[in-house]
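Right, I'll just put the structure down here and ask away after.
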2 protein chains.
Amino acid sequence: MPDSPTARAVPVHTRDRLVAAATELIMQDGYAAACVAAVAERSGVATGTLYRHFPSKAALFVEVFRRICGRELEVMREAAEAQTTATSALDAIVESFASRALQRPRLAWALLSEPADPLVDAERLTYRRKDRELIAEVVRGGVESGEFVEQDADASAAALVGAIGDALIGPLSSTGQSHADPARTVAELQAFCRRAVGVPSPA
Amino acid sequence: MPDSPTARAVPVHTRDRLVAAATELIMQDGYAAACVAAVAERSGVATGTLYRHFPSKAALFVEVFRRICGRELEVMREAAEAQTTATSALDAIVESFASRALQRPRLAWALLSEPADPLVDAERLTYRRKDRELIAEVVRGGVESGEFVEQDADASAAALVGAIGDALIGPLSSTGQSHADPARTVAELQAFCRRAVGVPSPA
DNA sequence: GATCCGTGTGAATCCGGATTCACATTGACT
DNA sequence: AGTCAATGTGAATCCGGATTCACACGGATC
């Protein structure tokens, strides 16, 4: 039975190759470098082919962002849910976010603040909102359990998202300089966040 | 002595008019709406004239950003220096930043995170760094005086800048919805920042 | 084997701005 | 008056991409 219908020569749906190529380009050189021509070339297809699978460049990248951000969010959520206290959940979120951002700084920057199409920006905001919601959830839990002081969970969550993002990507924004000591940076940030939500000082 | 040399018919150096027009456009509709044609029209000159005073559009907007951000920074610095304790200085910075950002949300967003030319982005980063330095200074003071707990002032400053920015403009990012209760938002943010640097709870 | 559909091709085209430039105008200085 | 520098004009031009489209090609269906 040569060449059965289901066992085609690993064509790997072109659509997926396009998404993969776009993802790689963003990881390497950010959104700016991810022009249609580059994506097509990297996928081994012509530029026109891209439009057989996506109505526009923006649509392709919305999908790319959706996939990446979705996974990131899931990782954070799982990290948080594996913990038993709000404090350790907060630590876990920071740790998760930080370690991944520091490993792929370019990607982190692209995801968090690199200029992009309006459609892509909208997608970014959607996920940022989800990040806030996840953190707000943790904060609410901490306040209820008495681990954290009384506070407006949504306001704190917004501030925490900003703090985490800026502390990690702010300093190295687009310029390639990395943090001197990642572990220390993360620890410092965790301490900051704990204090911010009012975890009693360990001293 | 009709028409003395110094009393020209209020020409108001065209250069300044261009800067003013560009500033107004940014305040109203953000960077995206500030195209060369619009700036020129609003200044009452032709597009070509812009290039008599600036080598490029980016150069014009770098100057615009420099002026605005410089003033904002100065206001924050003065607000901080008028205080006698690090805690009140931190409060004053947050209050200053917040009240101004909430009054001109569109401008705040343009200044903090709207996509712009690389040159303009670079200017933005310069001022963000200065913001960090100002706050780091305050944090250092607080740590020394014992008002704040021991911490890495630079790391905390980066996180604080992010927290303040996100808490204020994050939620309303580009979409016109404003904060329900500005005063409450500011108070909540001040409390967050105090806790974050380890000011002993007022309770 | 005729037709159709899904897919691929890539040069030509379109598009939104920024930028240029040949041509005034005006005031200053000789 | 004559020259020059500075400034203004705005239509024409340029430019970096995204997007289109007329033209294949293979496999499936009838």
Side-chain angles (χ1 to χ4, degrees), chain A residues 1-22 25-26 29-65 110 114-121, chain B residues 1-22 25-26 29-65 110 114-121:
Chain A
M1 70 290 279
D3 199 44
S4 74
T6 53
R8 310 309 316 287
V10 204
V12 183
H13 285 315
T14 303
R15 185 189 162 86
D16 293 328
R17 298 234 308 287
L18 286 166
V19 172
L25 283 172
I26 283 194
D29 301 305
Y31 187 80
C35 61
V36 172
V39 173
E41 189 190 7
R42 183 155 202 141
S43 305
V45 299
T47 62
T49 301
L50 191 153
Y51 292 86
R52 292 281 180 213
H53 301 274
F54 298 93
S56 70
K57 179 195 175 184
L60 163 61
F61 281 90
V62 163
E63 172 141 347
V64 170
F65 270 60
E114 184 177 7
D117 293 50
L119 273 179
V120 176
D121 283 344
Chain B
M1 69 291 282
D3 197 44
S4 73
T6 53
R8 310 311 316 288
V10 202
V12 182
H13 283 315
T14 303
R15 184 188 164 87
D16 293 329
R17 299 232 308 287
L18 287 166
V19 172
L25 283 172
I26 283 193
D29 302 305
Y31 186 81
C35 62
V36 172
V39 173
E41 189 190 8
R42 182 156 203 141
S43 305
V45 300
T47 63
T49 302
L50 192 153
Y51 292 86
R52 292 283 179 210
H53 299 275
F54 297 93
S56 71
K57 179 194 175 185
L60 163 60
F61 281 90
V62 164
E63 172 140 347
V64 169
F65 271 60
E114 185 177 6
D117 292 52
L119 274 178
V120 175
D121 283 344

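Every chain is numbered from 1 and lettered A, B, ... according to where its sequence line falls, protein lines coming before strand lines.
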| query | For A/Leu50 and C/dA11, what is the distance between atoms CG and P respectively, to the nearest whole Å? | reply | 17 Å
| task | Among the candidates C/dT19, D/dT7, D/dG17, find the nucleotide nearest to the side-chain atoms of A/Cys35. | result |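 So the nucleotide nearest the side chain must be D/dG17.
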| task | Could you check which of D/dA11, C/dA18, D/dT19 has an atom nearest any side-chain atom of B/Val36? | result |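 For B/Val36, the side-chain atoms sit closest to C/dA18.
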| Looking at A/His53, does any N or O in its side chain come under 4.0 Å of the phosphate oxygens OP1/OP2 on C/dG8? |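 Checking A/His53 against C/dG8: at least one side-chain N or O falls below 4.0 Å of OP1 or OP2.
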| Quick one: on DNA chain C, does B/Arg52 or B/Ser56 contact a more 5' nucleotide (nearest heavy atom)? |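 It is B/Ser56 whose nearest nucleotide is closer to the 5' end.
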| Just by modelled atom types, is the A/Ala32 backbone N or O under 3.5 Å from a matching donor or acceptor in the A/Glu114 side chain? |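 Yes.
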| DNA chain D: A/Thr47 or B/Gly48, which has the more 5' nearest nucleotide? |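 Its nearest nucleotide lies further toward 5', so the answer is B/Gly48.
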| query | To the nearest angstrom, how far is B/Lys57 atom NZ from C/dG17 atom C1'? | reply |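 Taking atom C1' of C/dG17 as the reference, NZ of B/Lys57 is at 8 Å.
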| task | May I ask you to evaluate whether B/Thr14 reaches the phosphate of D/dT7, defined as a side-chain N or O under 4.0 Å from OP1 or OP2? | result |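 Answer is no, no contact under 4.0 Å.
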| task | Identify which nucleotide among D/dG8, C/dG8, C/dT19 has an atom closest to any side-chain atom of B/Tyr51, counting heavy atoms from C-beta outward. | result |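 Within the option list, the nearest is C/dT19.
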| message | Measuring from the side chain of B/Val45 (C-beta onward, heavy atoms only), which nucleotide among D/dT9, C/dG8, C/dG10 has the closest atom? | response |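 So the side chain of B/Val45 is nearest to D/dT9.
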| field | Side-chain donor/acceptor of A/Arg42 to backbone N/O of A/Ala21, under 3.5 Å | value | no
| Residue-phosphate contact under 4.0 Å: A/Thr49 side-chain N/O, C/dT7 OP1/OP2 | no
| When rounded to the nearest 0.5 angstrom, what distance separates CZ in A/Arg15 from CG in A/Leu60? |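 These two atoms lie 8.5 Å from each other.
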